[in-house]
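Structure record follows, encoded as structure tokens.
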Amino acid sequence: MTDQGSGRRPKYQRIADELRSAIQSGAFAPGDRLPGENDLMTTYDVARMTARQALSVLRNEGLAEARRGAGVFVRTFRPLRRRGIPRLAHSHWGAGRSVWSADAEDRALVVDQIEVGEAAASARVAEALGLPPDSPVCVRSRRFVLDDKPVLLSVSYLPATLAQGTPITAPDTGPGGTYARLAELGHEPVHFREEIRCRMPTADESARLALEFGTPVILIGRTAFTVKGVAVELNEMTLDSASYVLEYDFDA
């Protein structure tokens, strides 16, 4: 029980504080195994639930991760630095490089769970793309896995009239990705708008991103426009917030 008079924190919080300090000081390095529940019970003379809560605090903060059958380890955190402006430059995808490669740099990036099909646009998608309700759209869904860890879910919507019969409807759209293919079709994106918000994940998102309990997701909705202001793609992304740093570098 918390001693309200002295302002003391609950035992599990105090244990978490000590472990956090040890991690930050380097006493526990990235990849090191933290004391388990039995160790904490003996060291601090606490119940198993208290020890479990202390470790959960560190997991929820993204400092530690549980490995099935092995214990709880200090998280090896090498964040993905998502450079929001240069990654969309024409000089990048126009040269045949994937937009996503700007985030991955020299790390192993795998795209899986790829699904491409056609569907009727929802009210949200139709509004973003300036289409009549229920218009057919090409839907591209995929998951991005970096260093064997799922980090991003992405679903793109494009007017079916633009995508039909083109490589955009193939699982692999080719060098430079969708934007390069749109440019070849005379619909080059020259302006982008991104909207960002956060929330807790759905059960499906937690499973597909292998999220630690209590980890929120970052939602990014990006709309791509041609020089005439015509919307040609809506990309809705769900990011593991513990894996990303969002960077925006621009002049005043």
Side-chain angles (χ1 to χ4, degrees), residues 1-4 6-82 100 103-113 143-154 197-220 237-247:
M1 179 179 296
T2 304
D3 184 344
Q4 297 295 340
S6 64
R8 294 179 64 194
R9 292 156 65 77
K11 280 187 177 181
Y12 78 90
Q13 288 283 8
R14 282 180 273 146
I15 296 171
D17 290 344
E18 290 190 22
L19 292 173
R20 187 187 304 105
S21 295
I23 292 171
Q24 293 171 343
S25 71
F28 290 111
D32 283 353
R33 184 182 183 278
L34 292 172
E37 292 176 9
N38 291 337
D39 300 320
L40 296 178
M41 290 166 62
T42 300
T43 301
Y44 293 96
D45 190 24
V46 295
R48 182 173 300 277
M49 181 56 68
T50 301
R52 186 171 298 167
Q53 286 178 303
L55 292 171
S56 292
V57 169
L58 301 179
R59 291 174 60 190
N60 292 343
E61 292 177 353
L63 294 174
E65 59 186 359
R67 300 179 189 172
R68 189 182 298 275
V72 178
F73 293 77
V74 179
R75 193 164 184 264
T76 303
F77 182 57
R78 184 185 171 191
L80 275 166
R81 192 163 292 275
R82 185 183 188 276
W100 312 101
D103 302 338
E105 298 177 332
D106 60 344
R107 301 162 71 180
L109 175 68
V110 175
V111 183
D112 67 4
Q113 298 186 3
R143 183 179 72 164
F144 292 78
V145 181
L146 194 69
D147 297 337
D148 298 321
K149 168 66 176 72
V151 295
L152 169 74
L153 306 176
S154 176
R197 62 189 181 93
C198 298
R199 62 163 168 76
M200 297 308 294
T202 64
D204 178 66
E205 291 165 345
S206 291
R208 293 180 66 197
L209 289 172
L211 298 177
E212 287 282 351
F213 178 76
T215 303
V217 289
I218 301 170
L219 306 179
I220 300 179
M237 295 158 275
T238 304
L239 289 66
D240 170 9
S241 65
S243 296
Y244 274 91
V245 171
L246 306 186
E247 177 181 304

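Note that this is a predicted model, so its numbers are computed, not measured.
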Measuring from R208:CZ to Q113:CD, what's the distance to the nearest 0.5 Å?
4.5 Å

Taking the side chain as every heavy atom from C-beta outward, state whether E18 and Y44 have any pair of such atoms under 4.5 Å apart.
yes

Do you know which two heavy atoms are closest between A29 and V74, and how far apart they sit?
O-CB, 3.4 Å

Is a side-chain N or O of Q13 found less than 3.5 angstrom from the main chain of P10, in a donor-acceptor match?
no

Nearest 0.5 Å, what's the CG-CZ distance between D240 and F144?
14.5 Å

Counting only heavy atoms from other residues, nucleotides and ligands, does the tally under 6.0 Å from CG of D148 exceed 12?
no

Testing the basics here: between P150 and V145, what is the closest heavy-atom pair and its distance to 0.1 Å?
N-CG1, 3.9 Å

Salt bridge check: are K149 and E65 linked by an N-O gap of less than 4.0 Å?
no

Do P35 and L19 have side-chain heavy atoms sitting under 4.5 Å apart?
yes

Contact list for residues 28-40, test side chain to side chain donor-acceptor pair (under 3.5 Å), sequence neighbours left out:
E37-R48, E37-R52, N38-R48

Measuring from atom CE of M200 to atom CG of L211, what distance do you get when rounded to the nearest 0.5 angstrom?
8.5 Å

Rounded to the nearest 0.5 angstrom, the CZ-CG distance for R75 and L63 is 9.0 Å

Looking at side-chain heavy atoms only, is the closest gap between T215 and S241 below 4.5 Å?
yes

Main-chain N/O of L219 paired to R197 side chain as donor or acceptor, under 3.5 Å:
no

Measuring only between side-chain heavy atoms, which start at C-beta, is V57 closer than 4.5 Å to I15?
no

If you apply the rule salt bridge (Lys or Arg N to Asp or Glu O under 4.0 Å), what do you find for R20 with D17, and how did you get there?
CA-CA 5 Å; R20 187 187 304 105; D17 290 344; 2.9 Å; yes

Between P201 and S206, which heavy-atom pair has the shortest distance, and what is it?
CG-OG, 3.2 Å

Taking all non-hydrogen atoms of both residues, which atom of V72 and which atom of A64 are closest, and how far apart?
CG1-CB, 3.7 Å

Under a 4.5 Å cut-off applied to non-hydrogen side-chain atoms, are C198 and I218 in contact?
yes

Does atom CG of D45 have more than 12 heavy-atom neighbours from other groups under 6.0 Å away?
no

Is the closest side-chain heavy-atom distance between F73 and R67 below 4.5 Å?
yes

In short, M41 meets A51 closest at the heavy-atom pair CG-CB, 4.1 Å

Tell me, do L40 and L34 make a side-chain contact under 4.5 Å, heavy atoms counted?
no

Point-to-point distance, once rounded to the nearest 0.5 Å, from CG of L146 to CG of L152
10.5 Å

In Å, rounded to the nearest 0.5 Å, how long is the span from CZ of R143 to CG of L209?
7.5 Å

